[in-house]
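This report refers to the structure that appears directly beneath it.
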Amino acid sequence: MSSDAVVLDVVVPAYNEALRLPDTLILLRAALADLGVPCRVTVVDNASTDGTAEVVTGAPSGPVPVRLLWCAEPGKGFAVRTGVLASDARYVGFCDADLATAPDTLGQVLSLLVEGADAVVGSRAHPESVVQERHSLLRRWGAVAFRGAVRQVVRGVGETQCGFKFFRNDVARRSFAPLRCGGFAFDVEVLGRAERTGARLVEIPVNWVDVPGSRFSPARHGWQSFVDVAKISWRLRRVEVAPAMPLPVVALPVGTDVTGGAATVGLRP
Ligand SMILES: Nc1nc2c(ncn2[C@@H]2O[C@H](COP(=O)(O)OP(=O)(O)O)[C@@H](O)[C@H]2O)c(=O)[nH]1
Ligand SMILES: [Mg+2]
């Protein structure tokens, strides 16, 4: 591995996020710079019309480069998949453009991955999580029912929908490459596939704040998410959950300098 190879790549799916993204990039890049290893932020846009791309291309240079990719297929899941499959980093994961999950646990995430976790899953169901929720009663009840439905597909974590998940690169590729669900339930398919390849999922607590401006409409996306879980369950029905495989622990290069670098910009297709 060359000294400037990216260790942790954070994919941020973004659809019309020109307002929420600038602060997120500042906070996320600062948190990644603190890790002391080469990191990158990869924003994946689906034809936003509000200047989201310009926010990324105009980001100042700094110790953590930012790159911009485009995804032709609409949907958060497909955007994250594009970023994951384009990543050469040792570890890759994603967070939301509103940074609803505080990035202060990224150090813990990195340590767990280095110690051999295949995937680290932020979960609002973890007893130590701190959650500030302003969701409607309908969305909260829906979330409880959704967790029940998901239990048939994903066994190893109490909650699948928090936008804060990180993987060893090969585990991410195996789990994302066959993804068919591009909507808000894509996490269920990704974690379901990861478990079925023997991945060891580690659930961690998060500090989560409900940031206004969500694109998730309980009326519009809620039912669709239940239908998607039923489809995912059917798709994965023949694949048994594999026992978690013991994995060798890989060491991070000690004292690796963080790369300098300007914002790197992908080409619009
Ligand atoms: N690229 C892309 N990102 C999306 C799409 N839909 C949602 N997102 C992103 O998914 C993340 C979570 O969306 P958000 O509206 O905050 O939903 P919620 O927090 O789950 O209610 C944000 O980063 C959004 O920009 C999409 O169609 N394409
Ligand atoms: Mg949000």
Worksheet item: Considering all heavy atoms of both residues, which atom of C162 and which atom of G122 are nearest to each other, and what is their separation?
Response: CB-O, 3.3 Å
Fill in: Fellow cluster residues of L19, listed by chain then number, with links counted only when side-chain atoms sit under 4.5 Å apart
none
Worksheet item: Should side-chain heavy atoms under 4.5 Å link Ile, Leu, Val, Met, Phe, Trp and Tyr, which residues sit in the same cluster as F184?
Response: F216
Worksheet item: Are the side chain of R29 and the backbone of V64 linked by a donor-acceptor contact shorter than 3.5 Å?
Response: yes
Worksheet item: Can you tell me how far CH2 of W208 sits from OG of S123, rounded to the nearest 0.5 angstrom?
Response: 12.0 Å
Worksheet item: Which residues, ordered by chain and number, are linked to W141 in its hydrophobic cluster, where ILVMFWY side chains connect at heavy-atom gaps below 4.5 Å, directly or through other members?
Response: L137
Discussion item. Nearest 0.5 angstrom please: E203 CD to S129 OG, how far?
Written reply: 7.5 Å
Worksheet entry | Over all atoms of both residues, closest heavy-atom pair of L28 and P103 | CD1-CB, 4.3 Å
Discussion item. Any side-chain to backbone donor/acceptor pair from R196 onto R193? Under 3.5 Å, distance only.
Written reply: no
Response to the item:
Rounding to 0.5 Å, atoms CZ (R180) and CD1 (I232) come to a distance of 10.5 Å
Worksheet item: Tell me, do C39 and V37 make a side-chain contact under 4.5 Å, heavy atoms counted?
Response: yes
Fill in: Full working for side-chain contact (heavy atoms from CB on, under 4.5 Å) between T42 and V92
CA-CA 10 Å; T42 299; V92 58; over 6 Å; no
Discussion item. If you count every heavy atom of other residues, nucleotides or ligands that lies below 6.0 Å from R151 atom CZ, does the total exceed 12?
Written reply: no
Discussion item. Salt bridge or not between R124 and D210? Use side-chain N to carboxylate O under 4.0 Å.
Written reply: no
Fill in: Nearest non-hydrogen partners of V229 and A185, listed with the distance
CG2-CB, 4.4 Å
Worksheet item: Rounded to the nearest 0.5 Å, how far apart are CG of D228 and CH2 of W223?
Response: 13.5 Å
Worksheet item: R81: what forms a salt bridge (charged side-chain N to carboxylate O under 4.0 Å, His left out) with it, not counting sequence neighbours?
Response: none
Worksheet item: Is any NZ, NE, NH1 or NH2 atom of the basic residue among D96 and K76 found under 4.0 Å from an Asp or Glu carboxylate oxygen of the other?
Response: yes
Item to complete: Without swapping roles, check the side chain of D118 against the backbone of R168 for a donor-acceptor pair under 3.5 Å.
Response: no
Worksheet entry | Test side-chain contact (heavy atoms from CB on, under 4.5 Å) applied to D187 - qualifying residues, sequence neighbours left out | F94, Q161, K165
Worksheet item: A47 and W70: which non-hydrogen atoms are nearest, and at how many Å?
Response: N-CD1, 4.5 Å
Discussion item. Is any side-chain heavy atom of S214 closer than 4.5 Å to one of R139?
Written reply: yes
Worksheet item: Is V209 reachable from L25 through a run of I, L, V, M, F, W or Y residues, each pair having side-chain heavy atoms under 4.5 Å apart?
Response: no
Worksheet item: Relative to the ring of F226, is the ring of F146 parallel (under 30°), tilted (30 to 60°) or perpendicular (over 60°)?
Response: perpendicular
Worksheet item: CZ/F167 to CG/D9 distance, rounded to the nearest 0.5 angstrom?
Response: 13.0 Å
Discussion item. Please check: side-chain N/O of N46 versus main-chain N/O of Y15, any donor-acceptor pairing under 3.5 Å?
Written reply: no
Fill in: Closest non-hydrogen atom pair, V202 against A117
CG2-CB, 3.5 Å
Discussion item. Regarding R200 and E115, does a basic nitrogen lie under 4.0 Å from an acidic carboxylate oxygen?
Written reply: no
Fill in: Exam field: side chain E195 to backbone G156, donor-acceptor pair closer than 3.5 Å
yes
Worksheet, complete the sentence: Given the options V41, L85, V44, V11 meets side-chain contact (heavy atoms from CB on, under 4.5 Å) only with V44
Worksheet item: Just wondering, do V12 and C95 contact through their side chains at under 4.5 Å, heavy atoms?
Response: yes
Worksheet entry | L99 and V211, any side-chain heavy atoms less than 4.5 Å apart | no
Worksheet item: R147: what forms a side-chain hydrogen bond (donor to acceptor under 3.5 Å, both in side chains) with it, not counting sequence neighbours?
Response: none
Worksheet item: Would you say N16's side chain and T52's backbone share a donor-acceptor pair under 3.5 angstrom?
Response: no
Discussion item. Rounded to the nearest 0.5 Å, what separates atom CD1 in I204 from atom OG1 in T105?
Written reply: 4.5 Å
Worksheet item: Side-chain heavy atoms under 4.5 angstrom apart, residues restricted to Ile, Leu, Val, Met, Phe, Trp, Tyr: same cluster for L106 and V120?
Response: yes
Worksheet item: Is there a donor-acceptor pair under 3.5 Å between the side chain of D45 and the backbone N or O of L68?
Response: no
Worksheet item: Counting only N and O atoms by type, is there a donor-acceptor contact under 3.5 Å from the side chain of E189 to the main-chain atoms of F186?
Response: no
Worksheet item: Looking at V80 and P13, what are the two nearest heavy atoms and their distance?
Response: CG2-CG, 3.8 Å
